[in-house]
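For the numbers below, each heavy atom of this structure counts, side chains included, while hydrogens, waters and symmetry mates do not. Quick note: residue numbers are just sequence positions, from 1.
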Amino acid sequence: MAVTIPGKSRPEWRKMISGEIEHEFNNYVLQKTIYQLRQEIFKRNLTYEKAIDQLYELCSKYALAVQIDFRQIFKSW
């Protein structure tokens, strides 16, 4: 069985980056990446769309590692 992540069109991706979804992450790399993306958006070095692309790419690569957090954030997909 292949491990998957939610589709990129889900609003939760943007909400994670913007901070609208408050979640205590189990995966440190995911937590750190989201923090860095927020900083880059704040500095206007990155758009939300590009940030979502980067986060989605990372999570696609390490789908198994983010499952615990994603089941709590996205519930199902």
- prompt: Residues in ring pair (Phe, Tyr, Trp, His ring centres under 6.0 Å) with Phe74, at least two apart?
  reply: Trp13, Phe70

Linked hydrophobic residues, Tyr35 as query - side chain contacts closer than 4.5 Å: none

- line: Across all chains, not counting sequence neighbours, the side chain to side chain contact (heavy atoms under 4.5 Å, CB included) partners of Lys43 are Glu40, Asn45

field: Same apolar cluster: Leu58 and Ile5, side chain cutoff 4.5 Å
entry: no

query: Do the side chain of Asn26 and the main chain of Asp69 share a donor and acceptor less than 3.5 angstrom apart?
result: no

message: Can you pull out every salt bridge (Lys or Arg N to Asp or Glu O under 4.0 Å) where at least one residue sits in residues 13-28? Sequence neighbours excluded, please.
response: Arg14-Glu49

- line: Tracing side-chain contacts under 4.5 Å among Ile, Leu, Val, Met, Phe, Trp and Tyr outward from Ile68 reaches none

query: Which value, rounded to the nearest 0.5 Å, describes the distance between Leu30 atom CG and Leu55 atom CG?
result: 6.0 Å

message: Working to the nearest 0.5 angstrom, can you tell me the gap between Leu46 CG and Gln36 CD?
response: 11.0 Å

message: What's the separation between atom OH in Tyr48 and atom CD1 in Ile17, rounded to the nearest 0.5 Å?
response: 8.0 Å

field: Qualifying side-chain hydrogen bond (donor to acceptor under 3.5 Å, both in side chains) pairs, either residue in residues 50-64, two or more places apart
entry: Lys8-Asp53

- line: Here the gap from Ile52 atom CD1 to Arg10 atom CZ, rounded to the nearest 0.5 Å, amounts to 13.0 Å

query: Does one hydrophobic cluster hold both Ile41 and Met16, with members joined at side-chain heavy-atom distances below 4.5 Å?
result: yes

message: Test of understanding: clusters of I, L, V, M, F, W, Y form through side-chain heavy atoms closer than 4.5 Å, transitively. Do Val66 and Phe25 belong to the same one?
response: yes

- line: In this structure, NE2 of His23 is separated from CD of Gln72 (nearest 0.5 Å) by 4.5 Å

